[in-house]
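First up is the structure itself, then whatever we jot down about it.
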Amino acid sequence: MKTKPARTSQFLVVLVFFCGILFAQAQTFYALQIDRNIREKARDITAEYQPSLVMGAEQALDFQSTVAKYLVKRKSIEDNANMSEGEKRHHLKTISKHESFEMADVLYPYQYQEYLRVKPEIQPLPPKNTGFEDAIADNQTTN
């Protein structure tokens, strides 16, 4: 009878250990996705915002990290061959909104208002298509 509780506790310890390893690997995978080019681009974007936002060193690092995270997400959408241009634009617009919401946690309120004002100039969304391609495709499928 005494062996069952010992086996159960050993099993739980091993289970927690493997869950910890999986979590660490997921974090490592995300860190690997942020390659040198993305880090440099995030640094450049942060430098473009700096004159308007006047961030401190730690705040600028948080800002840069957030920009890098969303650059990875943007890149995955832009590289997705299974999406139409309209779908890509929609998803990029959604990601841009999420990035703006997350920046509210990084910036002071007066900085955040300035960020929202200059963001379209520094990080513009891709131009909107005329939409004729989708209209033609829909027209052909209904006939």
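For the single chain, residues carry numbers from 1 onward in sequence order. Heavy-atom basis, side chains included; hydrogens, waters and symmetry copies ignored.
- One finds the CD atom of Glu48 at 11.5 Å from the CG atom of Leu53 (value rounded to the nearest 0.5 Å).
- The CD atom of Gln64 sits 5.5 Å away from the CZ atom of Arg43 when rounded to the nearest 0.5 Å.
- Heavy atoms only, all atoms of each residue included: Asn82 and Glu87 are closest at O-OE1, 4.1 Å.
- For the pair Lys119 and Tyr115, the cation-pi criterion (under 6.0 Å, within 45° of the ring axis) is not fulfilled.
- Between Ala47 and Pro51, the closest heavy-atom pair is O-CD, 3.2 Å.
- There is a path of hydrophobic side-chain contacts, each under 4.5 Å, that joins Met103 to Leu116.
- Between Gln59 and Gln111, the side chains place a donor N or O and an acceptor N or O closer than 3.5 Å (distance only, hydrogens not considered).
- The pair Glu99-Lys73 does not count as a salt bridge, with every side-chain nitrogen at least 4.0 angstrom from each carboxylate oxygen.
- Side-chain contact check for Asp35 versus Arg39: every heavy-atom pair is 4.5 Å or farther apart.
- Here the shortest heavy-atom pairing between Arg74 and Leu92 reads CG-CD2, 3.7 Å.
- With respect to Glu114 and Arg117, a salt bridge is recorded, a charged nitrogen being found less than 4.0 Å from a carboxylate O.
- To the nearest 0.5 Å, atom OG of residue Ser76 and atom CG of residue Leu71 are 11.0 Å apart.
- Hydrophobic clustering (ILVMFWY, side-chain heavy atoms < 4.5 Å, transitive): Leu125 and Val67 are in distinct clusters.
- Of all heavy-atom pairs between Ser52 and Val118, the closest is OG-CG1, 4.0 Å.
- A side-chain donor-acceptor contact under 3.5 Å links Gln123 and Tyr49.
- Between Phe63 and Val106 the shortest heavy-atom distance is N-CG1, 3.8 Å.
- Tyr110 and Ile122 sit in two unconnected hydrophobic clusters of ILVMFWY residues. Membership requires side-chain heavy atoms under 4.5 Å apart, directly or through other members.
- Met83 is connected to Tyr70 through a chain of hydrophobic side-chain contacts under 4.5 Å among Ile, Leu, Val, Met, Phe, Trp and Tyr, so both are in one cluster.
- No donor-acceptor pair under 3.5 Å is formed between the side chain of Ser65 and the backbone N or O of Leu61.
- Here the straight-line distance linking atom CD of Gln50 with atom CE of Met55 works out to 4.5 Å at 0.5 Å rounding.
- Using a 4.5 Å cut-off between side-chain heavy atoms of Ile, Leu, Val, Met, Phe, Trp and Tyr, with links allowed through other members, Tyr112 and Val54 fall into different hydrophobic clusters.
- Residues Glu102 and Lys69 come closest through the heavy atom pair OE2-NZ, 2.8 Å.
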